Amino acid sequence: QVQLVESGGGLVQPGGSLRLSCAASGSFRSINTMGWYRQAPGKQREVVATITRDGSTNYADSVKGRFTMSRDNAKNTVYLQMNSLKPEDTAVYYCSVDITTFFWENRRYWGQGTQVTVSS
């Protein structure tokens with residue numbers, strides 16, 4: 001019903017940058033909050049950043065000042081610009097999209113994940 005396509009992950013050296021993208025497609029009445037989450041080996045999934053429909057953002061303390069989240073509502077796409085990357089940023093990054101269906105149901109969909117590896 002709703003498909004999410006993630007891109008932008010890869011291998012980068014400490015201090016480098018990556019930009020993740022997540023595009024949603026399908027049938028829904030609206031997209032509400034969108035988010036980026038990550039999960040490192042042996043750790044629980046944690047929220048990295050969220051953005052509301054009107055563009056209000058929240059960031060995990062660990063990424064504040066380094067990551068910037070944005071969205072393009074016309075393209076149903078969310079982005080995560082990651083600068084000054086650290087080895088501890090290494091994780092699988094997942095996007096989430098909260099949607100309201102045409103039947104007024106609220107649902108959350110998840111992307112397949114993209115690997116971000118920060119290493120020398």
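As the structure is a prediction and not an experimental result, all values here were calculated from the model.
A distance-only check finds no donor-acceptor pair linking the side chain of Thr57 to the backbone of Ile51 [under 3.5 Å]. Of the possible polar contacts, one joining the Arg71 side chain to the Thr52 backbone as a donor-acceptor pair under 3.5 Å is found. Of the possible donor and acceptor atoms, one in the side chain of Glu6 sits under 3.5 Å from a partner among the backbone N and O of Gly113.
When hydrophobic clusters are built by joining Ile, Leu, Val, Met, Phe, Trp and Tyr residues whose side-chain heavy atoms come closer than 4.5 Å, directly or via intermediates, Val12 is grouped together with Phe67. The cluster map of Ile, Leu, Val, Met, Phe, Trp and Tyr, joined by side-chain heavy atoms under 4.5 Å apart, puts Ile31 and Val78 in the same cluster.
The minimum heavy-atom distance between Tyr109 and Leu4, with the atom names listed, is O-CD1, 3.5 Å. Here the closest heavy-atom approach between residue Thr50 and residue Val47 is recorded as CG2-CG2, 3.7 Å. What you find for Ser17 and Gln81 is that their closest heavy atoms are CB-NE2, 4.0 Å. In plain terms, the two heavy atoms of Met69 and Met34 that are nearest each other are CE-O, 3.3 Å. Taking both residues in full, the closest heavy atoms of Leu85 and Leu18 are given as CD1-N, 3.9 Å, listed atom of the first, atom of the second, then distance. In plain terms, the two heavy atoms of Arg29 and Phe102 that are nearest each other are NH2-O, 2.5 Å.
Between the OH atom in Tyr93 and the CG atom in Leu80 there is a gap of 7.5 Å [rounded to 0.5 Å]. Rounding to the nearest 0.5 angstrom, the gap separating the CH2 atom in Trp110 from the SG atom in Cys22 is 10.5 Å. With rounding to the nearest 0.5 Å, the separation of CG in Asn32 from CD1 in Ile99 is 8.0 Å. To the nearest 0.5 Å, atom CZ of residue Arg53 and atom OG1 of residue Thr100 are 7.0 Å apart. To the nearest 0.5 Å, atom CE of residue Met82 and atom OG1 of residue Thr68 are 11.0 Å apart. Atoms CG and OG1, on Asp72 and Thr77 in that order, are 6.0 Å from each other to the nearest 0.5 Å.
Residue-environment remark: CD (Gln115) exceeds the threshold of 12 foreign heavy atoms within 6.0 Å.
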Quick one: do Leu11 and Ser119 satisfy side-chain contact (heavy atoms from CB on, under 4.5 Å)? Show the steps, please.
CA-CA 7 Å; Leu11 174 65; Ser119 176; 4.3 Å; yes
Verdict with reasoning, Val63 to Arg38, per side-chain contact (heavy atoms from CB on, under 4.5 Å):
CA-CA 12 Å; Val63 307; Arg38 68 187 182 187; 3.9 Å; yes
Is there a side-chain contact (heavy atoms from CB on, under 4.5 Å) between Val2 and Val97? Walk through the geometry before answering.
CA-CA 9 Å; Val2 177; Val97 178; 5.6 Å; no
Yes or no on side-chain hydrogen bond (donor to acceptor under 3.5 Å, both in side chains) for Ser56 and Asp54, after CA distance, side-chain angles and deciding distance?
CA-CA 6 Å; Ser56 180; Asp54 62 353; 5.2 Å; no
Which is it for Phe28 and Thr101 under the side-chain contact (heavy atoms from CB on, under 4.5 Å) test, yes or no, and what are the steps along the way?
CA-CA 4 Å; Phe28 39 81; Thr101 72; 5.7 Å; no
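Scanning for ring pair (Phe, Tyr, Trp, His ring centres under 6.0 Å) contacts around Tyr94 gives an empty result, with sequence neighbours left out. With sequence neighbours left out, Ser7 forms a side chain to side chain donor-acceptor pair (under 3.5 Å) with no residue at all.
Side chains of Val116 and Leu20 form a contact here, defined as non-hydrogen atoms less than 4.5 Å apart.
For the residue pair Ser96 and Asp98, no side-chain donor N or O sits within less than 3.5 Å of a side-chain acceptor on the partner.
Between Asp61 and Lys64 a salt bridge is recorded (basic side-chain N to carboxylate O distance below 4.0 Å).
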